[in-house]
Amino acid sequence: MSATLAAERRVAVEAVLQACRVCQKVFNHLVAGETIIKDDRSPVTVADYSAQAVVNTYLAEHFPQDLVVGEESARDLQGEVGRALREKVLSLSNAVLRVPLTESKLLTAIDRGSYGGGPRGRHWTLDPIDGTKGFLRGDQFAVCLALIEDGEVRLGVMGCPNLPAAHLGQAAQATASPPGERGCLFIAEKGHGAFTRSLVSDVETRIHVSDTRDCRDARFCESVEAAHSSHSDASRVGQDLGITQDSIRMDSQCKYGCIARGDADIYLRLPASATYVEKIWDHASGALLVEEAGGIVTDVDGKHLDFSRGRFLDANRGVVAANARIHSEVLRAVQKVLQNPERA
Ligand SMILES: Nc1ncnc2c1ncn2[C@@H]1O[C@H](COP(=O)(O)O)[C@@H](OP(=O)(O)O)[C@H]1O
Ligand SMILES: [Mg+2]
Ligand SMILES: [Mg+2]
Ligand SMILES: [Mg+2]
């Protein structure tokens, strides 16, 4: 491991583990009224805010100079209207922090995530709960933290509390939730490989993408939400490639984890709207994980994901992630489908 990022890796792992604990606790006690619908109609819960507060507090303590591009803002926790939410988030955050936050420090911690990102210097990007919809359903979600230096992702840590620790078998169901131990962490450092461990033991195992060479034997892992990635286009790509196996559908960057450890072979994120622009925190840790596990990640035009542009991946459209043997064939099929003017 690179000596230079050893401290960052240790702190990121600890921060993500604590944030996972908060999320699990919230899920067990989630009550109506603790979920807010944001301006873009997506949900956010007390767990999203608490996880962002906890991770940002760890980062501020260990790397006070570092900036953070985080998904959430403290706006809805301000003032009288935000009081109930603020108090709940404060108590959840303080349950796992060594030094308790005050209300005002809580808001500051969450808003440490307001950095705009960009091509120079170093910053973190945080999705405190990726797959909030999955989280609310009791399905897959992930706490995702990545370190970006001069526009390149150097370190990615993903906590996946509901993901089975072992490989998903051939018979995995749509929600990818077979019985057995749940909860795993993924860690990738640029140039140093991809690893997994459980949430409770620090024994790490190196992971690799599948060695599937024939696309007809491949399996998709795709979003549950057709509004996030076109299921109909994915099924056309599947037909073109001769894929017969059912897709594994799951929320969040757990999909990247499943590709990285070889549970499935292909993750496609095919634009479902012409205007949606992907955010860096939805892909930074997952994309590095797949690359470090021996896979290739591009957008639908075959371009490398460009994390240097700020909060958005506005130089890219969609995502095509697959093992290195089949990526180019998959990309060709994606382009053929997307260029067909006759698709509905
Ligand atoms: N129209 C859209 N197209 C693509 N992604 C979208 C989208 N609307 C929301 N998202 C993103 O999709 C993420 C979840 O991805 P997935 O479908 O793979 O689980 C959400 O992350 P959050 O849950 O962190 O808000 C959100 O950022
Ligand atoms: Mg969100
Ligand atoms: Mg997200
Ligand atoms: Mg999120």
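Whatever order the structure lists ligands and atoms in, that order sets their numbers, starting from 1.
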**Q** Is there a polar contact between ligand 1 and V224, counting only N or O atoms under 3.5 Å apart?
**A** no
**Q** Considering non-hydrogen atoms of the protein only, which is the closest contact for atom 26 (C) of ligand 1, and what is the distance?
**A** D282 OD2, 3.6 Å
**Q** Does the side chain of D130 come under 3.5 Å of the side chain of W281 through a donor N or O and an acceptor N or O?
**A**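 Short answer, no.
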**Q** Could you tell me if T298 and H327 have a donor-acceptor pair between their side chains, going purely by distance under 3.5 Å?
**A**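 Short answer, yes.
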**Q** Taking Y256 as the fixed residue, which of H283, R261, E291 is the one that meets the side chain to side chain donor-acceptor pair (under 3.5 Å) rule?
**A**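 In the set H283, R261, E291, the residue that makes a side chain to side chain donor-acceptor pair (under 3.5 Å) with Y256 is H283.
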**Q** Would you kindly specify which portion of T132 sits under 4.0 Å from ligand 1, judged on non-hydrogen atoms: side chain, backbone, both or neither?
**A** both
**Q** Give a yes-or-no answer on whether the side chains of D150 and S308 include a donor-acceptor pair shorter than 3.5 Å.
**A** no
**Q** Checking the N or O distance criterion of under 3.5 Å, is ligand 1 in contact with M250?
**A**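 Such a contact does not occur with ligand 1.
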**Q** Is E71 close enough that one of its N/O/S atoms sits under 2.8 Å from the Mg ion (ligand 2)?
**A** yes
**Q** How does V44 reach ligand 1, by side chain, by backbone, by both or by neither, if only non-hydrogen atoms under 4.0 Å count?
**A** neither
**Q** Can you find an N/O atom of S223 closer than 3.5 Å to an N/O atom of ligand 1?
**A**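 Yes, S223 has an N/O under 3.5 Å of an N/O on ligand 1.
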**Q** Looking only at heavy atoms of S252, does any of them come nearer than 4.0 Å to an atom of ligand 1?
**A**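 Per 4.0 Å heavy-atom rule, S252 contacts ligand 1.
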**Q** Without hydrogens or angle criteria, can the side chains of T212 and D217 be said to hold a donor-acceptor pair below 3.5 Å?
**A**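 T212 vs D217: no donor-acceptor pair found between side chains.
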**Q** Can you list the ligand 1 atoms lying under 4.0 Å from a non-hydrogen atom of D251?
**A** 19 (O)
**Q** Does R249 qualify as a cation-pi partner of F220, given the criterion of NZ or CZ under 6.0 Å from the six-membered ring centre and within 45 degrees of its axis?
**A** no
**Q** Report the member of C221, A227, A226, S42 with the shortest heavy-atom distance to atom 1 (N) of ligand 1.
**A** A227
**Q** When you compare the side chain of S93 with that of L106, does any pair of heavy atoms fall below 4.5 Å?
**A** yes
**Q** Check the side chains of N94 and S91 for a donor-acceptor pair under 3.5 angstrom, ignoring hydrogens and angles.
**A**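 No, because no side-chain N or O of S91 sits under 3.5 Å from a partner of the opposite role on N94.
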**Q** Between the side chains of Q18 and R21, is a donor N or O closer than 3.5 angstrom to an acceptor N or O?
**A**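 R21 and Q18 do have a side-chain donor-acceptor pair below 3.5 Å.
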**Q** Based purely on interatomic distance, does H228 place a nitrogen or oxygen under 3.5 Å from a nitrogen or oxygen of ligand 1?
**A**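 For ligand 1, there is an N or O atom that lies under 3.5 Å from one belonging to H228.
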**Q** Can you check whether Y276 has an N/O within less than 3.5 Å of an N/O in ligand 1?
**A** yes
**Q** To the closest 0.5 Å, what do you measure between CZ (R182) and CG (L199)?
**A**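 The CZ atom of R182 sits 11.5 Å away from the CG atom of L199.
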**Q** Rounded to the nearest 0.5 Å, how far apart are CD of Q52 and OG of S73?
**A**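 If I round to the nearest 0.5 Å, the distance is 8.5 Å.
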**Q** Which of the atoms of ligand 1 are close to G131, meaning less than 4.0 Å from one of its heavy atoms?
**A** 22 (P), 23 (O), 24 (O)
**Q** Heavy-atom distance to atom 12 (O) of ligand 1: which of R269, E72, K133 wins?
**A** R269
**Q** Provide the number and element of each atom of ligand 1 under 4.0 Å from a heavy atom of E71.
**A** 24 (O), 25 (O)
**Q** If you measure from each non-hydrogen atom of Q253 to ligand 1, which part falls under 4.0 Å: side chain, backbone, both or neither?
**A** neither
**Q** Run the numbers for me: atoms of ligand 1, each under 4.0 Å from some heavy atom of D127, listed by number.
**A** 24 (O)
**Q** To 10 degrees, how wide is the angle O (I129) to the Mg ion (ligand 4) to OD1 (D127)?
**A** 80°
**Q** Below 4.0 Å from any atom of ligand 1, is there a heavy atom belonging to Q140?
**A** no
